[in-house]
Amino acid sequence: MSIQENIKLIKSNLPSSVKLVAVSKTKPNEDIMAAYDIGQRIFGENKVQDLTKKYEELPKDIEWHFIGHLQSNKVKYIAPFISMLHAVDSLKLLKTISKEAVKNNRTIDYMLQLHIAQEDTKFGLSEQALYELLNSEQFQAIKNVNLRGLMAMATNTSNELQIKKEFGLIKQIFDKVKETYFKDKEDFNELSIGMSSDYQLAVEQGSTMVRIGSTIFGLRNY
Ligand SMILES: *Cc1c(COP(=O)(O)O)cnc(C)c1O
């Protein structure tokens, strides 16, 4: 199937309230334009260098989302134009984002990455670390950044029950954070969960944003 057919099929499976982030990492501009031509506007990338190149070459009404781990020293390259940072996981990174946002005279939307999967990755905050961050005075004083919600990944497993449990837990934590800290903040409303292999389970558990790459663009060659 073509990129355009893939997108149409995915969209027909998604509630209209769930946003589709087309994960175009490693894919050429032609592939992105095929998706763009049928109305896709949100694209996800995870390498700063690739993203800045694509930003320069492609239409300016694309909303670029950075979905990977972001190094503090690279924030400055994407701060002028990035629409959403999905995976912020430290106060240090957030301070850098804030500084660059101020320099660019804008506010940058972001999500905090929660780590609950069983894989040993060093990225993402534990539930405990998430509350510590939200409670800290430094966090509360930070400027020109706007927290829109939480992002997470389930364990990479074929065990659907486990994935479902993990997404359910993430949703519970999201609801608790919303209730405790952001009850009156209407735009704290995004839950970025779900990829090619598990997005239907994520949507059932309350995802508002799915990040889908290979099911749209085909397998990646690194
Ligand atoms: C690559 C990537 C995706 C998309 O993965 P697919 O399995 O190709 O859909 C989603 N989220 C993150 C954080 C990624 O790095």
Engineer: Mind telling me whether F43 and F217 have parallel, tilted or perpendicular rings, with 30° and 60° as the class edges?
Structural biologist: tilted

Engineer: Testing K25, K54, R211 for salt bridge (charged side-chain N to carboxylate O under 4.0 Å, His left out) with E45, which one passes?
Structural biologist: K54

Engineer: Have a look at E57 and tell me which of I32, N29, T52 forms a side chain to side chain contact (heavy atoms under 4.5 Å, CB included) with it.
Structural biologist: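 Running side chain to side chain contact (heavy atoms under 4.5 Å, CB included) over I32, N29, T52 with E57 returns exactly one hit, N29.
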
Engineer: Under 4.5 Å between side-chain heavy atoms, counting indirect links through other Ile/Leu/Val/Met/Phe/Trp/Tyr residues: same cluster for V177 and I116 or not?
Structural biologist: yes

Engineer: By the salt bridge (Lys or Arg N to Asp or Glu O under 4.0 Å) test, which pairs, at least two apart or in different chains, include something from residues 4-15?
Structural biologist: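 Those involving residues 4-15 do not exist here.
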
Engineer: To the closest 0.5 Å, what do you measure between NE2 (H115) and CD1 (I170)?
Structural biologist: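 The distance works out to 10.5 Å.
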
Engineer: Just jot down the side chain to side chain contact (heavy atoms under 4.5 Å, CB included) partners of K178, sequence neighbours excluded, or say none.
Structural biologist: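 If we apply the side chain to side chain contact (heavy atoms under 4.5 Å, CB included) test to K178, skipping adjacent residues, the hits are F188.
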
Engineer: Does any N or O in the side chain of E160 come within less than 3.5 Å of the main-chain N or O of L201, such that one atom is a donor and the other an acceptor?
Structural biologist: no

Engineer: Parallel, tilted or perpendicular for F123 and H69, by the 30°/60° rule?
Structural biologist: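 Plane angle under 30°, so parallel.
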
Engineer: So if you build clusters from Ile, Leu, Val, Met, Phe, Trp, Tyr with side-chain heavy-atom gaps below 4.5 Å, do V75 and I108 land together?
Structural biologist: yes

Engineer: CD of E127 to NZ of K176: how many Å apart, nearest 0.5 Å?
Structural biologist: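 Answer for the CD-NZ pair, E127 versus K176, is 5.0 Å.
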
Engineer: Show me the side-chain donor-acceptor pairs of residues 99-107 shorter than 3.5 Å, one per line, residues at least two apart or across chains.
Structural biologist:
residue: E100; atom: OE2; partner: K103; partner atom: NZ; Å: 3.3
residue: N104; atom: ND2; partner: E100; partner atom: O; Å: 2.8
residue: R106; atom: NH1; partner: A79; partner atom: O; Å: 2.6
residue: R106; atom: NH1; partner: I82; partner atom: O; Å: 3.1
residue: R106; atom: NH2; partner: I82; partner atom: O; Å: 2.8

Engineer: Can I get a per-line list of side-chain donor-acceptor pairs under 3.5 Å for residues 90-98, giving both atom names and the distance, sequence neighbours left out?
Structural biologist:
residue: S90; atom: OG; partner: L93; partner atom: N; Å: 3.0
residue: K95; atom: NZ; partner: Q138; partner atom: OE1; Å: 2.4
residue: T96; atom: OG1; partner: K92; partner atom: O; Å: 3.1
residue: S98; atom: OG; partner: K143; partner atom: O; Å: 2.7

Engineer: Between Q128 and E132, is any side-chain donor less than 3.5 angstrom from a side-chain acceptor?
Structural biologist: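 Result is yes, a qualifying pair exists.
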
Engineer: Taking only residues two or more places apart in sequence, or in another chain, which ones meet K164 in a salt bridge (charged side-chain N to carboxylate O under 4.0 Å, His left out)?
Structural biologist: none

Engineer: Let me confirm one number: the OG-CD1 distance from S24 to I42, rounded to the nearest 0.5 Å.
Structural biologist: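 Reported value, rounded in 0.5 Å steps: 12.0 Å.
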
Engineer: Determine whether V203 and V210 make a side-chain contact, defined as any pair of heavy atoms from C-beta on separated by less than 4.5 Å.
Structural biologist: yes

Engineer: What pairs with Q4 under side chain to side chain contact (heavy atoms under 4.5 Å, CB included), at least two apart in sequence or on another chain?
Structural biologist: S2, A34, D37, I38

Engineer: Tell me, which pairs form a salt bridge (Lys or Arg N to Asp or Glu O under 4.0 Å) where one or both residues lie in residues 108-117, sequence neighbours left out?
Structural biologist: D109-R148

Engineer: Name all residues meeting the side chain to side chain contact (heavy atoms under 4.5 Å, CB included) criterion together with A87; count only those two or more places apart in sequence or in a different chain, and write none if there are none.
Structural biologist: Q113, M151

Engineer: Restricting to pairs with a member in residues 65-91, which pass salt bridge (Lys or Arg N to Asp or Glu O under 4.0 Å), not counting sequence neighbours?
Structural biologist: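 Pairs touching residues 65-91 that pass the test: none.
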
Engineer: Report the residues that fulfil salt bridge (charged side-chain N to carboxylate O under 4.0 Å, His left out) with D187, sequence neighbours left out, ordered by chain and then residue number.
Structural biologist: K185

Engineer: Can you find a pair of side-chain heavy atoms, one from T208 and one from V18, that are under 4.5 Å apart?
Structural biologist: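 Of all side-chain heavy-atom pairs linking V18 with T208, none is under 4.5 Å.
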
Engineer: Identify, with sequence neighbours excluded, every residue that meets ring pair (Phe, Tyr, Trp, His ring centres under 6.0 Å) alongside Y181.
Structural biologist: none

Engineer: CG of L114 to CD1 of I193: how many Å apart, nearest 0.5 Å?
Structural biologist: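 Here the interatomic distance stands at 10.0 Å.
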
Engineer: For the hydrophobic clusters of this structure (ILVMFWY residues joined by side-chain heavy atoms under 4.5 Å, transitively), does one cluster hold both M111 and F139?
Structural biologist: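 Not linked; separate clusters.
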
Engineer: Do L150 and Y199 share a hydrophobic cluster, counting only Ile, Leu, Val, Met, Phe, Trp and Tyr and linking them when any side-chain heavy atoms are less than 4.5 Å apart?
Structural biologist: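 Same cluster: L150 reaches Y199 through Ile, Leu, Val, Met, Phe, Trp or Tyr contacts under 4.5 Å.
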
Engineer: Of all residues at least two apart in sequence or in a different chain, which pass the side chain to side chain donor-acceptor pair (under 3.5 Å) check with K183?
Structural biologist: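 Per chain and number, K183 pairs via side chain to side chain donor-acceptor pair (under 3.5 Å) with E179.
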
Engineer: Does T157 use its side chain to pair, donor to acceptor, with the backbone of N159 at less than 3.5 Å?
Structural biologist: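 Indeed, once roles are kept as given, a pair shorter than 3.5 Å links the two residues.
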
Engineer: Applying a strict under-4.5 Å side-chain criterion to I, L, V, M, F, W and Y, I'd like to know whether W64 and L85 cluster together.
Structural biologist: yes

